[in-house]
Amino acid sequence: MAGNRTFTMVKPDAMAAGNMGNILQKIEQSGFRIAALKVTRLSHAQAGAFYEVHKERPFYGELVKYMSSGVIAAAILEKNNAVEDFRKLIGATDPAKAEAGTIRKLYAKSIQENAVHGSDSDDNAKIEGGFFFSALEQF
Ligand code: GDP
């Protein structure tokens, strides 16, 4: 059975462009309940740990640098079938390939600076949410 929670970050490009509010509004209007939310900034080491699974990919170094370059908003979201529905809402990794109306189509700048993160599985949603929020901070 699909889980009902996923994890997202509004990434540094979208925060710098002043789009956090627009993105959170679109998320809520698409039926997700915000169960945890904070604005924070990852150190280089923290971004490296968060993206550890991508360590072997050629863009890992650039990705870690970018994700620690400015503030982000981290959030846990609740909805039936959360992981899959949220991936649909954000669209393809590369905004040039994302469908019209998706968050990345609307707000992303490039394949790297692509406005939002969305967990790719229930297991990762739990791990990623736990990276930012203690049990007491998840409602
Ligand atoms: P996602 O699940 O759609 O976020 O995509 P991935 O898990 O494949 O990649 C993680 C993140 O790495 C993406 O959201 C982008 O920020 C970045 N990324 C992915 N592919 C590329 C790429 O080809 N080049 C660069 N520079 N960054 C990438």
Side-chain angles (χ1 to χ4, degrees):
M1 202 187 95
N4 66 349
R5 287 195 169 201
T6 191
F7 171 78
T8 188
M9 288 183 282
V10 179
K11 295 185 178 183
D13 62 292
M15 293 297 283
N19 282 322
M20 180 188 78
N22 291 329
I23 290 171
L24 293 178
Q25 182 181 44
K26 190 155 176 67
I27 289 170
E28 285 191 304
Q29 288 178 345
S30 301
F32 292 85
R33 187 182 72 79
I34 296 174
L37 175 65
K38 71 171 72 161
V39 172
T40 185
R41 181 170 179 168
L42 291 168
S43 67
H44 192 270
Q46 287 167 332
F50 185 88
Y51 282 108
E52 182 97 35
V53 290
H54 292 313
K55 211 161 66 181
E56 304 307 326
R57 296 174 83 174
F59 55 82
Y60 176 73
E62 283 297 304
L63 176 62
V64 168
K65 202 168 143 192
Y66 155 63
M67 286 303 295
S68 56
S69 69
V71 295
I72 55 143
I76 294 172
L77 307 174
E78 188 175 83
K79 182 184 185 296
N80 286 339
N81 201 35
V83 166
E84 192 184 339
D85 286 2
F86 192 68
R87 298 285 303 191
K88 268 187 214 142
L89 178 64
I90 67 179
T93 308
D94 181 353
K97 295 180 184 152
E99 277 184 42
T102 59
I103 292 175
R104 283 170 168 167
K105 188 66 171 188
L106 288 166
Y107 299 113
K109 287 166 66 177
S110 68
I111 191 166
Q112 176 175 272
E113 301 195 14
N114 60 358
V116 278
H117 169 82
S119 303
D120 63 4
S121 68
D122 289 344
D123 285 349
N124 282 339
K126 205 159 183 199
I127 293 167
E128 292 170 1
F131 189 95
F132 286 90
F133 300 100
S134 73
L136 285 171
E137 294 173 313
Q138 304 181 23
F139 295 95

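Predicted, not measured: the structure shown is a model, and the values here were computed from it. As the structure lists them, so they are numbered: ligands from 1, and atoms in each ligand from 1.
- A donor-acceptor pair under 3.5 Å is formed between the side chain of Gln138 and the backbone N or O of Phe133.
- Cluster annotation: Ile27 and Val39 are assigned to the same hydrophobic cluster (Ile/Leu/Val/Met/Phe/Trp/Tyr, side-chain heavy-atom contacts under 4.5 Å, transitive).
- For Arg104 (side chain) and Val116 (main-chain N/O), a donor-acceptor pair under 3.5 Å exists by modelled atom type.
- Between the Tyr60 side chain and the Gly48 main chain, a donor and an acceptor come within less than 3.5 Å of each other.
- Ring centroid separation for the pair Phe7 and Phe131 does not come in under the 6.0 Å cut-off.
- Listed by chain and number, Lys11, His54, Arg57, Phe59, Leu63, Arg87, Thr93, Arg104, Ile111, Gln112, Asn114 each place a non-hydrogen atom less than 4.0 angstrom from ligand 1.
- Side-chain atoms of Arg41 come within 3.5 Å of backbone N or O of Ser69 as a donor-acceptor pair.
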